[in-house]
Structure formats: structure tokens, C-alpha cells
Amino acid sequence: MPPLPRPPPGHRAGPGGHPGPRAPEDALKIRILGTAAGGGLPQWNCGCEGCSTARRTGAARSQDCLAVSADGVAWYLVNASPDLRSQLLAAPELAPAAGTRDTPLRGVLLTSGELDHTLGLLTLREAAGLSVHATEPVRAALHGVFPVGPLLAPYTEARWQSVAPGTAFDLAGGLRAEPLALGGKRPRYAADLPGKAWDGRADWVTGYRFTAAGSRSSAVYAPGLAAWTPELDRAVAGAAVVILDGTFATDDELAERTGGSRSSRGMGHLAVRDSLAHLGRHPGPRYLYTHLNNTNPLAHPGSPGAAALAPALAAAGAAVAEDGQLVEF
Ligand code: MLT
Ligand code: MN
Ligand code: ZN
């Protein structure tokens, strides 16, 4: 159905629906919507110990994405997971104002073209309109081999914007985003994407550094981190919150669990054990690990593996992010 009219620009829902006063200094708000790697926890076709425990106890995790806002009025998704519909319904800030068919969601920023970060874009087809921000290779993949762009076009006005590492851009509500190049790992569906131009690009995977206008504090989100880079050192220095890749606890976790040979690093994910050393060089920020694979003991509270890592996490000021967690500063 066609959307109802959008509230006027600058509309800020206050008590009784009246525009409220603007805060003198806006601060960042992050609603962590999902914290699992592709497949989620439990994974639908997996009966491993962790997935079985999650089924029994209800300790589930939906797939990684979050929403960020600088003013609490205009919100942006960072990644759009396959679990997006239920994640949006669970986030009170993202509900439509009464009598409208519009929400505070203004757009989506992508950190990769991976299916667990992009399938939810199709869920947004009822939107009145939205901006979609992605690096050139990701944008090309989403208009070619995985044609989300062309598929969305008849449903909603998706305004695609190219972003480049190191070039910050401004979004609604005083939010500023700076993409960080984090690696050249392509989604499996794009491994054979024709054209030399896509080889060796370091912006297939990005993170973002967010700041709010009028505030000096920043947040970093890097759910796919192949290696710790000098760029990340710079972004993390001075950040209040860093939400980072916690896919695997150790580099050989998947190989140990599955008997295969794939290392965490080889899959584009620096293991928690290996990133903890870097956190030690940057004390200060609150670190939250996200994008946890269902093999990761940190996704299973009370497991021996989680207990073994707990002291090192605590020493680094790190914790595991939780679905639905609100981070405000
Ligand atoms: C990843 O983060 O490595 C990918 O999303 C893996 C996948 O789910 O296929
Ligand atoms: Mn993933
Ligand atoms: Zn499992």
C-alpha cells in the first residue's frame, strides 16, 4: 500500500506528539539489533551442542546489525540482516508515529555485501524512501550478481550513495559517518565477479566511525575485521564505544569444531583472542564483541570456553554485545 504522508522535516516527537526541544548537545545512541554471525543462534539446521542449548534455554541471537542516531529522531541502520523485521519490531525508537506509515529510519549503511548484512534490504521495500550507503564494490555487487538494487526499485525510492574509506559524510540529525577500509574479502556469491577492478580492493569490508554534531565522542563499529590495521588504531583512539568482530574466539575454533581446515583469519575474521592484544594498547573505550558465530563459546554463557576468556575480556574493558542492547553516551 502507498505510504501515508511523512511528518514534516525537523519533526521531533515529544509528549503528546508535539515537537520537543532539541537537546543542547546531542549524543550518540546505538541500538544493537542483532549480535550473531550468519545463520544466527540457534542456526536452523544445526543440532550442535551450542545450538541445542540455545533452543532449550531460549538464549538466542539474531544476525548482526544495529541502528544509530545522533539526535534520537533520525535513525540509520548499519547492515540489514535477514532477521530485520523482528529486530525492527523489537526496537521502540524505530516504531512509526501514530497515524503515519513512516518510521524514524532514514537509511542504511552497509559494512559488506555479505548475505547476513544485506538480505534485510528487501524487507525494507515498504519504506517511503531510504538512502543506502555502500562502497563501490559492494554497490556493484548489489546491482549485479545479487541485484537487490534493481529488485527494490519498483517498491521504494532507494537512493544509493557510494562511500569511500576515509571520506566522512553527514546524515540527518547531526550524525557523521566515516567509513574505514577493513579488507578485500568478497561475499562467496561475488567471488567470481568479472572485472579486474574488484580484485585487491580493501573496501569490500568496511567499518564505520560515528560522531554526533556538537559532541566529541565517537563510536566505532567493525563487525568484520580481517586484521588489525593502523587505520583502526586511529579510529579506536578516543572512541567511547567500539563494537567489533567477535565471530570466533580463537583462530582454530571452526577447524576444531568441524574437523576442517578453515581458520578464522582465513575467513576474514580476527579471532577475539587475537584482537584482545590490540585492545590492551587502547584502554579507555568500552569494547563490545558482536557477530558471534554459533561455535563461539562466548555466545554460550556459562560454558567453559566463555569462563576461560572472561578474565582477559574484563581486563580489556570488553564484553559480549547482547541483542536489543542500547548504548548511549
Ligand atoms: C561472514 O561474515 O564471514 C559471512 O557473512 C559468512 C556467511 O554467513 O556466509
Ligand atoms: Mn557475516
Ligand atoms: Zn550449531
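We're numbering straight along the sequence, starting at 1. Computed from a predicted model, the values in this text were never measured in an experiment. In each ligand, atom 1 is the first atom listed, and ligand 1 is the first ligand listed. Scope of the values below: all heavy atoms of this structure, side chains included, with no hydrogens, waters or symmetry mates.
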Under the side chain to side chain contact (heavy atoms under 4.5 Å, CB included) criterion, do Leu270 and Arg265 qualify, and how do the steps go? CA-CA 5 Å; Leu270 187 66; Arg265 213 177 287 249; 3.7 Å; yes
Would you check whether Asp116 reaches within less than 4.0 Å of ligand 1, judged by its heavy atoms? yes
Nearest protein heavy atom with distance in Å, relative to atom 8 (O) of ligand 1: Gly38 CA, 3.6 Å
Row for the Zn ion (ligand 3): angle SG (Cys51) to SG (Cys46), 10° precision, value 120°
Using only heavy-atom distances, determine whether the side chains of Asp116 and Ser81 contain a donor-acceptor pair under 3.5 Å. no
What residue and heavy atom of the protein are closest to atom 1 (C) of ligand 1, and at what distance? His269 NE2, 3.3 Å
Is there a donor-acceptor contact under 3.5 Å linking the side chains of Gln161 and Ser131? no
Verify the ring-centre separation between Tyr189 and Phe146: is it less than 6.0 angstrom? yes
In terms of relative ring orientation, are His143 and Trp160 parallel, tilted or perpendicular, with 30° and 60° separating the classes? perpendicular
With a 4.0 Å cut-off on heavy atoms, is His117 in contact with ligand 1? no
Rounded to 10°, how big is the angle at the Mn ion (ligand 2) from Asp116 OD2 to His291 NE2? 90°
Of all the atoms in ligand 1, which lie at a distance below 4.0 Å from a heavy atom belonging to His291? 2 (O)
Check the orientation of Phe169 and Tyr208. Use parallel for under 30°, tilted for 30 to 60°, and perpendicular for over 60°. perpendicular
Any idea which protein heavy atom is nearest atom 4 (C) of ligand 1, and the distance to it? Glu114 OE1, 3.3 Å
